Amino acid sequence: MRIAVRDLVGGDDVLGGSENGKRLLHRLSPLAQGGPLSEVLYLDFAGIDFVSGSFLNQSALGLRDYCRQREPNLYVVVANIGEKSVQEFEEVLRLRRDAAFVCGLDETGQAVDVKLVGMLDDAHLRTLDAVRRLGETDAVQLAKAHPEEKLEQTAWNNRLRSLANRGLVMESKRGRLKKYAAVLGGK
Amino acid sequence: MRSVTPFDYGALDDIVEASTLGRDTMRDAIARHVPRSLGPLLEYAFIQPLHAARLPPVDTAFASGPASSLAETLATPGGHGPNRVGSLTSLRAEFSRIGSDATDADGYWTAFIKRLEHAALQAGFTNLCSKGLAGAFREMATNAVEHSLAPSSAIVGYRFEPNEFEYAVADAGVGVYESLRRSGHYPRIHDSVTALVSVLSGGHSRFGPATGRGTGFTTLLRSLTSLNGSLRFRSGDCAIEIDGRSPTLSCAQPRQRPHFQGFAVSITCRPK
């Protein structure tokens, strides 16, 4: 799923201010309607020359948090923001001790140049890397694959849930089991 | 022939300081100055009411187009509805009451920001730089709406000439220290200097730390990377000035000044 921000901001190409970000969030929320399967919602900033950290904090991260609560099958990824805007996003994420994927989109709508920005502690970073390497996985498999972490299944589940709340891994149910896959950059 | 000097921040501070000390020779001193940039003029207009016994209103103090235009804008009620514009053909500048995207039904505020961006281009900045400067301006203007508790008091302005671009935002709201004090999140902040330094360092606002809020000033400083900039932040009894190429907070010079009710910021930058 892809939402073009430019279509929602009256053609403006410089976006800034918390209140303006909140206003965009109010327009985005009704458009974020997920289906039965987990999928990525690309918030596409193509055509926007600059977007400030304040604006991204309220709009992109606001939408991410909204989806976690109301549309748990949707995982928001910021796409097509320029380098200066990435720096803005990085600062906001670091202040929140948070992390997110950013990427470009090719002509087919596929993610390219995927980057992880913000702040992720070593334990969660290792967990994310493990999920990316394994493809779809679960807490039981991770515990077996990484005995050096000396973690029980519950602790792995906690890390995975924390990553899912940040929109970095997708959660899906296979019967009673919860499976996880990287939102971007995985196998 | 009487000598004329630019009305800069040095002149502003001297005049206001003298008024605070009770000196009555201000009118002659002011008359020798000509406004060239917007920041000192805007700051004078906001501080003058506190010194009305000794300092004349801005259009009386400075017999010039910019001052008359600012006085006209000051006389315009703020808030919703159409905003009047003071245009300065000689300085290529513009003042306005602050607008809001929320109430911008006629597109006035969006058009104002577009003109500001275009002014930066005409001053010689690249397209990318101009977008960054416009984005930072949006942050400063939004701050006045979100934090001052007196958004209708706010005035913005920009000015350009070859190789120089300036914008300024001022409000007569609660000021930075009071904003943080009322939030209850910063019990160790007891004065305007530490309040200003905190918000300029990023991540601090009345919403508290670690919320991702309070990043407007760091956006502003990033917009000046690789540019030569002169910045002044004014609130309470503090003024912080930063000068230089790619200005950062480490170059900041806090100074104690007579009380300023509200907040004012001006940025002057040059592409080289």
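Per chain, numbering begins at 1; letters A, B, ... match sequence-line order. The structure displayed is predicted, hence computed values, not measured ones. Values below: all heavy atoms of this structure, side chains included; hydrogens, waters and symmetry mates excluded.
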Heavy atoms from other residues, nucleotides or ligands near CD of E39(A) exceed 12 (cutoff 6.0 Å): yes
Residues of residues 216-235 of chain B within contact distance of chain A, non-hydrogen under 4.5 Å: G216(B), T218(B), T219(B), R222(B)
Straight-line distance of N127(B) CG to F50(A) CZ, nearest 0.5 Å: 13.5 Å
Pair R213(B)-S54(A), side chain to side chain contact (heavy atoms under 4.5 Å, CB included): steps then yes or no: CA-CA 6 Å; R213(B) 303 291 298 260; S54(A) 301; over 6 Å; no
Heavy-atom neighbours of R27(A) CZ exceed 12 at 6.0 Å: yes
Can I get a per-line list of side-chain donor-acceptor pairs under 3.5 Å for residues 56-63 of chain A, giving both atom names and the distance, sequence neighbours left out?
from: N57(A); atom 1: OD1; to: R96(A); atom 2: NH1; distance (Å): 2.7
from: N57(A); atom 1: ND2; to: G212(B); atom 2: O; distance (Å): 3.3
from: S59(A); atom 1: OG; to: F55(A); atom 2: O; distance (Å): 2.7

Steps toward side chain to side chain contact (heavy atoms under 4.5 Å, CB included) verdict (L128(B), E83(A)): CA-CA 11 Å; L128(B) 194 59; E83(A) 190 53 42; over 6 Å; no
Side chain to side chain donor-acceptor pair (under 3.5 Å) evaluation trace for S52(A) with E139(B): CA-CA 8 Å; S52(A) 76; E139(B) 291 293 319; 2.4 Å; yes
Audit row: L95(A), T211(B), side chain to side chain contact (heavy atoms under 4.5 Å, CB included) steps and yes/no: CA-CA 7 Å; L95(A) 285 170; T211(B) 58; over 6 Å; no
Partners meeting side-chain hydrogen bond (donor to acceptor under 3.5 Å, both in side chains) with S266(B) (sequence neighbours left out): Y9(B)
Residues forming a ring-ring contact (aromatic ring centres under 6.0 Å, His included) with F207(B), sequence neighbours excluded: H147(B)
Greater than 12 external heavy atoms within 6.0 Å of R70(A)'s CZ: no
Closest contact, heavy atoms only, E146(B) versus S18(A): OE2-CB, 3.1 Å
Donor-acceptor pair between T142(B) and E19(A) side chains, under 3.5 angstrom: no
Steps toward side chain to side chain contact (heavy atoms under 4.5 Å, CB included) verdict (I113(B), V14(A)): CA-CA 9 Å; I113(B) 295 177; V14(A) 174; 5.7 Å; no
Contact check, side chains of D13(A) and K114(B), non-hydrogen atoms, under 4.5 Å: yes
Over 12 non-hydrogen atoms of neighbours within 6.0 angstrom of CD in E148(A): yes
D49(A) to K131(B) - nearest heavy-atom pair and separation: OD2-CE, 2.9 Å
